[in-house]
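Every chain is numbered from 1 and lettered A, B, ... according to where its sequence line falls, protein lines coming before strand lines. Values below: every heavy atom of this structure, side chains too, minus hydrogens, waters and symmetry copies.
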Amino acid sequence: MFGEITCYGQCLRSWAPIVALIVIMSIASITASLMLKNPKKRLLMFGFAQAGGLFAIATTFYLMDCTEMLSLYLYFAYVAISTFLIFGTLRYYDRLMIRRLEAKPAGSILKWTQEYVDMLISARVYYFDSAVPKAFAAGRSIFISIGLLEILDDDELKAVLAHEAWHIRNNSRIPFLSRLAMMAFSSTSEPELEDKADNFAAEIAGSAALSSARNKIDKVFI
Amino acid sequence: MVKLDQINISNDGLTKFFSPIEAAILRALWSEGEMTTSELTGKTNIPLTSVAGTLDRLVKAGYTTRRTENINGRVRYVYEPVLSEEEAASEITTKILDSLVQAFGPLAVENFSKYSDKK
């Protein structure tokens, strides 16, 4: 194992430190992803680590003088497959949530919610069984708990739906990799995103409805 | 705790077996039968932030059931106790007696009969 690493070092010559740096960054991201509590951020961090690994492999291939290293090919295949899986999981995160929460289309319980969101963006609205007032967006879906439907009136619910719709619209506008990098590296951008989502919600549903919804479920919906 | 895996003998009343909020909710449901979430927060005087998570737990543990109702465009939960107060008392008693017999065998049974003779 060690012999092979020195062999890579020789093949890469003066580029070896750079590749090593990328590999270390990638390992650091994996460690960070294990320490993060938020499952979505964790997934994103892991995806970022995978992208780093892929980049390190590509650089090695491009710069290397030697050939015929089976372990390198095998690792390349592993990175390619796992990256595909990670990106697939992110794309279908909402399907996972639907199954986990046993969520059902909100249109079946409160018809206007789906119609209202249809006017803003193309996304599905789901409700799930919980008394805790909560709303969030994942993939191209908005999830609301029955507890949220209980405490909000129609105008307040519209403000919440507009807020979540903005997140989905914003997510689809930013290229995937920069979204990944942004979420992995900066913690400051999130409150900023929340403010922007709130501005949109206030514009669509009225600032009175938004602030009374906020008062009722302060910091419960993101 | 809802699953009866922890019993605090020194606590008062139902809070020997349930948390204070769980006990308050169960008492309210036993006296009223069916209740909505807002009726529950009103009756128990406990804010929704504390009640909501507890209600989810009580439903999951099988002590209450709930159904959703859509009245005039308002969606709400209606809660109902699964066991009556008597049924819950008998279930809790059986579980505790079982665990005493498991721990002390015939000694426990001997003490039960002494106890019922005294009463």
Side-chain angles (χ1 to χ4, degrees), chain A residues 37 97-118 124-136 142-161 164 205 209 212-222, chain B residues 1-3 14 18-83:
Chain A
K37 291 257 158 59
M97 292 309 288
I98 290 167
R99 213 174 311 159
R100 191 181 303 167
L101 296 170
E102 292 174 31
K104 294 173 190 73
S108 65
I109 193 166
L110 212 53
K111 200 159 174 278
W112 66 265
T113 51
Q114 183 62 55
E115 291 166 355
Y116 182 74
V117 170
D118 283 342
R124 306 285 306 157
V125 189
Y126 294 92
Y127 75 91
F128 60 95
D129 184 33
S130 169
V132 180
K134 208 172 174 185
F136 63 94
I142 295 170
F143 295 85
I144 46 182
S145 69
I146 291 179
L148 188 83
L149 296 174
E150 280 192 306
I151 61 163
L152 297 187
D153 66 33
D154 289 1
D155 286 337
E156 291 160 345
L157 187 56
K158 277 178 189 169
V160 173
L161 289 172
E164 301 303 335
S212 71
R214 270 266 177 244
N215 281 340
K216 279 188 185 171
I217 43 164
D218 198 24
K219 295 196 171 168
V220 188
F221 69 89
I222 301 170
Chain B
M1 271 306 288
V2 144
K3 281 180 183 160
L14 273 181
F18 301 99
S19 81
I21 296 175
E22 288 161 2
I25 291 170
L26 284 175
R27 264 194 299 261
L29 286 173
W30 282 332
S31 71
E32 304 286 316
E34 287 189 353
M35 286 177 100
T36 64
T37 314
S38 58
E39 282 166 356
L40 271 167
T41 52
K43 172 107 182 168
T44 57
N45 246 329
I46 304 168
L48 179 74
T49 43
S50 315
V51 165
T54 311
L55 284 171
D56 280 358
R57 253 182 298 138
L58 282 171
V59 169
K60 213 174 161 193
Y63 279 92
T64 66
T65 50
R66 63 186 170 199
R67 60 174 194 274
T68 46
E69 267 183 8
N70 192 332
I71 306 158
N72 302 326
R74 308 287 319 142
V75 177
R76 50 182 46 115
Y77 277 131
V78 179
Y79 291 88
E80 225 180 310
V82 171
L83 302 173

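Side-chain atoms of B:D56 come within 3.5 Å of backbone N or O of A:A131 as a donor-acceptor pair. Side-chain atoms of B:N70 do not come within 3.5 Å of backbone N or O of A:L110 as any donor-acceptor pair.
Residues A:L149 and B:Y77 fail the side-chain proximity criterion, which asks for heavy atoms closer than 4.5 Å. Counting heavy atoms from C-beta outward, A:D129 and B:R66 have side chains that approach closer than 4.5 Å.
In terms of heavy-atom proximity, A:E150 sits nearest to B:T37 at OE2-OG1, 2.6 Å.
Annotation: A:R99, atom CZ; neighbour count of heavy atoms from other residues, nucleotides and ligands within 6.0 Å does not exceed 12.
Proximity to chain A (any heavy atom under 4.5 Å) is restricted, for B:T68, to the side chain, taken from C-beta onward.
Salt-bridge check for B:R74 with A:D154: passed, with a basic side-chain N closer than 4.0 Å to an acidic carboxylate O.
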